[in-house]
Amino acid sequence: MSSRRSRQSSASRISDDQIIELVSKLRQLVPEIRHRRPDKVSASKVLQETCNYIRNLHREVDDLSERLSQLLSTIDSDSAEAAIIRSLIMQ
């Protein structure tokens, strides 16, 4: 049973090359590190900055959701403005 488990875990492991490729993709997505030289940013720094970036995006989404809720509560639900907001949300 243990040899089966080791075969499964080795087959499902991600290779070093795959990790390098994924870290490189993350580096391109995160504005804080996108324009830095790749050799100047460690993989752990890329992961830290990615986590920070995702947290900030969550905060922005929460803030925008709250602002949208406040806006919707101040306008008539049958108004043209409400219809525009609903159409934007549905996109």
Side-chain angles (χ1 to χ4, degrees):
M1 180 85 158
S2 96
S3 66
R4 180 178 173 202
R5 186 177 300 153
S6 66
R7 273 187 279 135
Q8 285 178 339
S9 65
S10 65
S12 65
R13 283 193 182 151
I14 189 166
S15 72
D16 289 347
D17 288 341
Q18 289 171 313
I19 292 172
I20 291 167
E21 181 181 340
L22 292 169
V23 168
S24 178
K25 287 179 181 180
L26 285 174
R27 181 181 287 118
Q28 295 302 312
L29 293 172
V30 179
E32 288 293 317
I33 55 177
R34 182 181 300 150
H35 301 294
R36 294 187 200 167
R37 287 182 34 193
D39 59 336
K40 297 292 183 182
V41 183
S42 67
S44 64
K45 183 67 173 174
V46 170
L47 294 174
Q48 288 173 339
E49 291 295 333
T50 301
C51 290
N52 291 338
Y53 183 60
I54 291 170
R55 275 190 219 100
N56 287 335
L57 289 174
H58 279 285
R59 277 190 223 115
E60 285 185 45
V61 167
D62 290 343
D63 180 51
L64 290 171
S65 294
E66 179 64 30
R67 290 170 55 191
L68 183 59
S69 293
Q70 290 173 354
L71 177 63
L72 286 172
S73 71
T74 63
I75 60 175
D76 179 18
S77 62
D78 295 326
S79 69
E81 292 88 358
I84 292 169
I85 292 170
R86 281 193 298 276
S87 72
L88 290 172
I89 292 171
M90 300 311 273
Q91 289 182 357

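Bear in mind the structure is a predicted one, so any value in this text is a computation, not a measurement. Counting from 1, the numbers follow the sequence of the chain as shown. Atoms considered below: every heavy atom in the structure, side chains included; atoms not considered: hydrogens, waters and symmetry mates.
In terms of hydrophobic clustering, with Ile, Leu, Val, Met, Phe, Trp and Tyr side chains grouped at heavy-atom distances under 4.5 Å, Val23 and Leu29 are assigned to different clusters. Linking Ile, Leu, Val, Met, Phe, Trp and Tyr whenever their side-chain heavy atoms come within less than 4.5 Å puts Leu57 and Leu26 in one cluster. There is a path of hydrophobic side-chain contacts, each under 4.5 Å, that joins Leu47 to Tyr53. Val41 and Ile54 fall into different hydrophobic clusters, where Ile, Leu, Val, Met, Phe, Trp and Tyr are joined by side-chain heavy atoms under 4.5 Å apart, directly or via other members. Hydrophobic clustering (side-chain heavy atoms under 4.5 Å, transitive across Ile, Leu, Val, Met, Phe, Trp, Tyr) keeps Leu88 apart from Val61.
To the nearest 0.5 angstrom, Arg86 atom CZ is 6.5 Å from Ser77 atom OG. Atoms CZ and CD, on Arg55 and Glu60 in that order, are 14.5 Å from each other to the nearest 0.5 Å. With rounding to the nearest 0.5 angstrom, the CG atom of Leu22 is 7.0 Å from the CD atom of Gln18. Summarising the geometry, atom CD belonging to Glu21 is positioned 8.5 Å from atom OG belonging to Ser15; distances are rounded to the nearest 0.5 Å. One distance of note links NZ of Lys25 with OG1 of Thr50; it measures 13.5 Å at 0.5 Å rounding. Annotation: the span from Asn52 atom CG to Gln48 atom CD amounts to 7.5 Å, rounded to 0.5 Å.
At distances below 3.5 Å, at least one donor-acceptor pair connects side-chain atoms of Ser69 with backbone N or O atoms of Ser65. Of the possible donor and acceptor atoms, none in the side chain of Arg36 sits under 3.5 Å from a partner among the backbone N and O of Arg27.
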**OP:** Could you walk me through whether Ile33 and Val46 pass the side-chain contact (heavy atoms from CB on, under 4.5 Å) test, one step at a time?
**Re:** CA-CA 7 Å; Ile33 55 177; Val46 170; 3.8 Å; yes
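Taking a cutoff of 4.0 Å between a charged side-chain nitrogen and a carboxylate oxygen, Asp63 and Arg59 do not qualify as a salt bridge.
Counting all heavy atoms, side chain and backbone alike, Thr74 lies closest to Leu71 at OG1-O, 2.7 Å.
Enclosure of atom CG in Asp76 by more than 12 non-hydrogen atoms of other residues, nucleotides or ligands within 6.0 angstrom is indicated.
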